[in-house]
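A short worksheet on the structure shown next.
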Amino acid sequence: MWIDFVLFILLFTLFAYIFATVTITNLHKAYLVFHFSMMVWPFCQFAIKATDNPQLQLLYVKIAFVDMSMLTVGWLLFTLFLTGRSPFPRRKVLFTMSVPTICAAIIVILNPYGMFVEPLDGGYIQRTYGPLFWLCITIFIGYVFVSLYMMYLALAGNSSPRIKKQVKQVLTGIVVMTIFILADIALNVVFWQSLKVLPGLTSLGIMLSAIIFVVAIHRDKVFDIVTIAHQDIINTIAHGIVVLDDNETIVEINHSLRPYFELHVGDRFDITSILPHHESTDKTNAFIQTYQQSPLKRAEIEVMFNRDNRRYIHIHAAPIIVRDAMVGRIITFQDMSVLRRLINETNLQNQILHDRNQSLIAIQRELFESNQKLEKMAITDSLTNCYNRHYLTQQLELEVIKNMNHRIPFSLLLVDIDYFKFINDNYGHLAGDRVLCSTVEVIRQNLRQRDILARYGGEEFIIYLPNTTRAQANILAERIKSTVEANKMNISPVTPALSITISVGLLALDNMTLEPVKDSKSTLNELFQSVDEALYQAKREGRNRIVSIAK
């Protein structure tokens with residue numbers, strides 16, 4: 001009787017120890033539920049022998065076997081947690097898993113017609129089991145074998161070394177427990193009449209397996225929260241991650257990588273086998289050379305894995321260094337397809353905008369040039385390409401007010417080509433046009449940059465000389481007259497060269513009064529009339545001369 005009680009106390013002590021000394025994770029929670037279920041069996045075995053009431057003894061028997069049914073499904077759930085196959089089973093899956101053990105629990109509770117258990121000698125300390133007992137044992141063993149099979153798959157498959165270590169530790173505990181339970185059934189149920197009853201075998205098996213579990217949890221830290229957290233973090237990262245040891249063997253793969261590559265834990269990793277062959281040879285060779293010949297350096301490359309879907313993957317390899325020694329690598333795979341597509345679309349839009357801007361700039365340049373041409377046409381004489389009278393009038397209206405109000409000297413020259421009608425009548429108007437253009441070029445060569453030459457009308461031209469006194473204007477007028485006269489023109493091959501002469505009227509304003517100018521137009525008309533009188537005086541006096549007047 002006391003064996004089961006002592007084992008219950010030891011199990012309770014282990015339960016309290018685990019609860020007090022470890023950081024509780026989901027795996028720890030699952031194990032604590034599992035451990036609590038293991039504690040119920042020895043307690044019930046002790047309680048059966050501690051009372052003489054057959055009804056209470058039957059109640060404890062039923063509680064013990066209902067607990068055993070819960071314990072078996074707990075093994076399966078614990079195995080799911082352990083192997084990482086289903087950390088949070090769905091309700092439908094959980095219900096389906098629990099149906100057989102629920103049926104077994106109902107059989108135990110109802111014990112129809114004593115077909116599960118019957119008392120001996122008026123009590124249940126000594127008892128016999130019926131056919132429903134063996135049905136329940138078959139269900140329990142079925143759960144155990146399913147759990148063992150899942151652990152075998154985890155050990156034989158591509159599970160990480162961390163999970164395999166956990167499975168080995170727990171597998172040892174479950175195997176020990178199963179052996180003692182089967183021994184208890186064989187010795188105390190099947191051969192109970194021929195062999196001496198050995199009490200506490202199942203409780204002892206539960207105790208030994210619990211010790212193995214506690215050692216694994218506390219000493220080997222198979223449920224270490226840091227390791228689990230690291231794995232959870234790795235699996236939640238969107239980038240694919242491969243962890244290699246120093247022999248280029250894969251030791252860890254996260255969930256994000258599996259859709260891209262068929263890689264497995266324990267495989268030998270070959271960086272050249274995953275690179276697409278259609279990529280630039282120079283780029284891939286540089287990456288592979290850095291990866292293979294300079295393992296302590298980081299290597300990275302962006303490659304396109306699918307030409308049709310244009311999937312761009314950025315591969316980054318970095319060494320894992322512990323105490324100045326390389327112990328492995330971490331290789332990350334980042335899908336850059338969306339970012340690359342956005343960049344390409346942005347570049348395309350930028351190119352379209354650039355082309356449109358260039359078109360607008362070209363149109364703006366054409367408009368500017370057209371406006372310049374129109375402006376030039378509006379202010380210049382189309383034949384001689386010098387300013388027209390309208391432009392000169394606009395300019396002088398401003399200049400005259402400023403000059404006369406501030407007593408700044410200026411001069412006007414009115415130039416007339418002598419006998420121009422004779423040239424038109426005898427040589428034609430085309431020859432007359434050539435004479436006009438040639439004379440303008442000669443005059444322009446003698447002017448300063450600030451002077452303004454304009455066609456006044458017909459063969460007459462007016463020159464505005466800012467900041468020029470009468471003496472300075474006379475010198476310039478003489479130079480222009482002599483240069484024009486020296487400019488021999490060949491009108492036609494059969495006629496001798498012509499020497500063109502000009503008559504010049506000069507008006508200088510260098511002794512102005514202090515009276516301000518109020519009406520610039522009337523003042524300008526008076527100036528034009530005065531210089532025009534000077535020109536006609538030069539013509540009356542015989543032409544090819546300069547007549548100057550002053551105001």
Side-chain angles (χ1 to χ4, degrees), residues 83-85 87 154-168 220-307 309-340 343:
T83 57
R85 293 177 178 272
L155 293 174
N158 296 320
S159 300
S160 66
R162 175 181 61 82
I163 292 180
K164 288 184 178 180
K165 184 178 181 181
Q166 295 175 180
V167 170
K168 288 178 182 178
D220 300 331
K221 298 188 182 300
V222 294
F223 301 158
D224 184 23
I225 189 172
V226 176
T227 304
I228 296 171
H230 287 175
Q231 183 64 34
D232 290 342
I233 292 172
I234 289 175
N235 284 330
T236 55
I237 293 176
H239 303 344
I241 297 176
V242 176
V243 182
L244 309 176
D245 62 12
D246 54 348
N247 293 320
E248 293 290 300
T249 300
I250 300 174
V251 296
E252 198 71 69
I253 298 174
N254 73 337
H255 294 328
S256 299
L257 183 67
R258 291 172 183 170
Y260 300 109
F261 303 104
E262 282 292 332
L263 300 176
H264 305 285
V265 173
D267 292 348
R268 180 82 174 179
F269 183 76
D270 183 9
I271 190 66
T272 60
S273 64
I274 67 172
L275 295 175
H277 300 294
H278 60 264
E279 283 293 321
S280 169
T281 304
D282 295 337
K283 183 171 65 173
T284 54
N285 287 346
F287 172 75
I288 294 172
Q289 182 177 4
T290 303
Y291 183 91
Q292 295 177 343
Q293 299 180 11
S294 303
L296 295 179
K297 293 183 178 180
R298 297 175 179 264
E300 56 184 334
I301 187 174
E302 184 176 312
V303 292
M304 183 173 64
F305 277 88
N306 192 319
R307 288 187 173 182
N309 296 332
R310 292 188 174 273
R311 171 167 284 182
Y312 294 90
I313 305 295
H314 181 270
I315 303 174
H316 182 273
I320 302 174
I321 299 176
V322 177
R323 295 180 181 177
D324 299 328
M326 179 178 170
V327 297
R329 296 181 195 260
I330 294 180
I331 303 176
T332 59
F333 299 81
Q334 182 180 3
D335 193 341
M336 305 291 291
S337 304
V338 175
L339 180 60
R340 175 64 62 179
I343 291 174

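Below, all heavy atoms of this structure are taken into account, side chains as well, without hydrogens, waters or symmetry copies.
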- Task: Give the C-alpha distance, both sets of side-chain angles, the deciding distance and a yes or no for side chain to side chain contact (heavy atoms under 4.5 Å, CB included) between I313 and D335.
- Result: CA-CA 5 Å; I313 305 295; D335 193 341; 4.0 Å; yes
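- Here the rule is side chain to side chain contact (heavy atoms under 4.5 Å, CB included) with T290, and of K297, R298, E300 only K297 fits it.
- Rounded to the nearest 0.5 Å, atoms CD1 (I288) and OG1 (T272) are 6.0 Å apart.
- Two residues are said to be in side-chain contact when any heavy atoms from C-beta on lie closer than 4.5 Å; T249 and D267 fail this criterion.
- Note that the CD1 atom of I301 and the NE2 atom of H314 stand 9.0 Å from one another [nearest 0.5 Å].
- One distance of note links CD1 of I271 with CD of E248; it measures 8.5 Å at 0.5 Å rounding.
- Salt-bridge formation is not detected for the pair K283/E302: no Lys NZ or Arg NE/NH1/NH2 atom is positioned less than 4.0 Å from an Asp or Glu carboxylate oxygen.
- In this structure, the separation between CD on E252 and CD1 on I241 is 9.5 Å, given to the nearest 0.5 Å.
- Side-chain contact between V242 and I330 is absent, with no heavy atoms from C-beta onward closer than 4.5 Å.
- Considering every non-hydrogen atom in both P319 and P295, the closest pair reads CB-O, 3.5 Å.
- Looking at residues two or more places apart in sequence or on another chain, you find a ring pair (Phe, Tyr, Trp, His ring centres under 6.0 Å) between F333 and F261.
- The closest side-chain heavy-atom distance from V303 to F287 is not below 4.5 Å.
- Judged by the 6.0 Å and 45° rule, R329 forms a cation-pi pair with Y291.
- Considering only residues two or more places apart in sequence or on other chains, Q289 meets the side chain to side chain contact (heavy atoms under 4.5 Å, CB included) condition with Q293.
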- After noting the C-alpha distance and the side-chain angles of K168 and L155, does the key distance pass the side chain to side chain contact (heavy atoms under 4.5 Å, CB included) rule? CA-CA 8 Å; K168 288 178 182 178; L155 293 174; 3.6 Å; yes
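- For the atom pair R268 CZ and L244 CG, the distance stands at 9.5 Å (nearest 0.5 Å).
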